[in-house]
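One structure follows; several queries about it will come next.
For ligands, and for the atoms within them, numbers begin at 1 and follow the listed sequence. Atom set for the values below is all heavy atoms of this structure, side chains included, hydrogens, waters and symmetry mates excluded.
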Amino acid sequence: MTSFQQTELWEVTRQLIAFNTVSALSNLEAAHYLAGYLDECGFTTHVLTNTIKGVQKASVVAWAGPESADGLIVSGHTDIVPFDGQPGWQSDPLVLKSDGQRLYGRGVTDMKVFLAQMLLTAKHLPLAQLKRPLVYIFTYDEEVASQGSGNLVQVLPQLFKTIPLPKIALIGEPSGFEVFPAHKGFAAFDIVVHGKGGHSSLPDRGLNAIANMGHIIQMLQEVNADMQLHISPINRDLFPENPASAFNLGVIHGGLAANMIAETCRLTVSLRIAPGDDAESLVARLGERIEREVAQPMRAISVDCDARIEECVIAPPLSSPQEAPFGKMLSQIIGTPLDRGAPFATDGGHFQKLGIYSYVCGPGLLGEAHQPNESIPIDHCVLGLERLEQIVHAWCIDGWTA
Ligand SMILES: [Zn+2]
């Protein structure tokens, strides 16, 4: 047994890893564990449940400290990406393992070690000394375009009706301790084309769904080219390599055989949305163009034909001020500048709808997330806890000001 395996951080991480919180499954047990732990630490806790596609999911919101307006939210997601059928695992993904240098298990990097650090920070915190409120938020379905936080922001104002909701948040996604004040958003949806099938020797009797999808693909490429021409200076700084929003053609299925007119075609598209662009209106405008330029001409030939967007999920982009006191404090404590956007989306995009500005900084390297044998350096576990305690102390107990 290594010395790290005798720490509370190991024990809490071990318990969190053992909950199978793959996004498609229920996270209720994990949510009750988190809420129970924080209850015992003296936090006021709420477990907010939702039923998603028949599965019970829960967010946990917990707070401590005075009822003042300048508090801090610390947030992480409870769900993990799937491991069943992922080749390359050399140990049980739900059993925390250590080789003395690293911890192994699904979710150690993304992002259960951070959740464990949150719990231990709460346990060690002298609540009576809090000058500013500390609010913990644990979400579900972050890995599904942040749908859990999308639901949560609809009820948070009600929950914080009588006490002020903090306007800044720290989200501990694996950033290798870089501090990101911004990230692009993410959206995913299907485009479905229903044509009219038939024998390929009688092309005049059919309406080819793949050919019509071809028009839509052309359209998406035009929109991408147009977005390249309208890049804001701030996005050029935040995302120097890929500053523009862009649609990606992800998966396509259509047709049955070489000698048949394809009756249906389905294209799965994703969209990376730069701050300042609005995913909902981008997708809505695309839907209008598909209706006008593809669906209506198809229906004019055969009334049953159609082309439309289905099953759209959106995680909005994040853009927090780099000069705000909390951002400056983070940058100072962590010792890194604050001038780049993260290459991934977080729950912070939804939080921003409530005027909460998030900063992304956490232990673990992004490249380790979602991999078989997901692992995190033990150094990051130890250092991350120290830094989180330092951040919470500086903001909530010392009352850090610019
Ligand atoms: Zn994550």
Looking at residues at least two apart in the chain, or sitting in another chain, which of them share a side-chain contact (heavy atoms from CB on, under 4.5 Å) with Pro66?
Ser68, Leu130, Pro133
Could you confirm whether Glu142 has any N/O/S atom lying under 2.8 Å from the Zn ion (ligand 1)?
no
Exceeds 12 heavy-atom contacts within 6.0 angstrom, atom NZ of Lys167
yes
Once side-chain hydrogen bond (donor to acceptor under 3.5 Å, both in side chains) is applied, what residue pairs with a partner in residues 351-362 remain, sequence neighbours excluded?
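Qualifying pairs: His350-Lys353.
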Taking the Zn ion (ligand 1) as the vertex, how big is the angle to NE2 in His77 and OD1 in Asp110, rounded to 10°?
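If I round to 10°, I get 90°.
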Considering only N, O or S atoms, which atom of Glu173 is nearest to the Zn ion (ligand 1)?
OE1
Students often mix this up, so state it plainly: with edges at 30° and 60°, are the rings of Phe189 and Phe247 parallel, tilted or perpendicular?
perpendicular
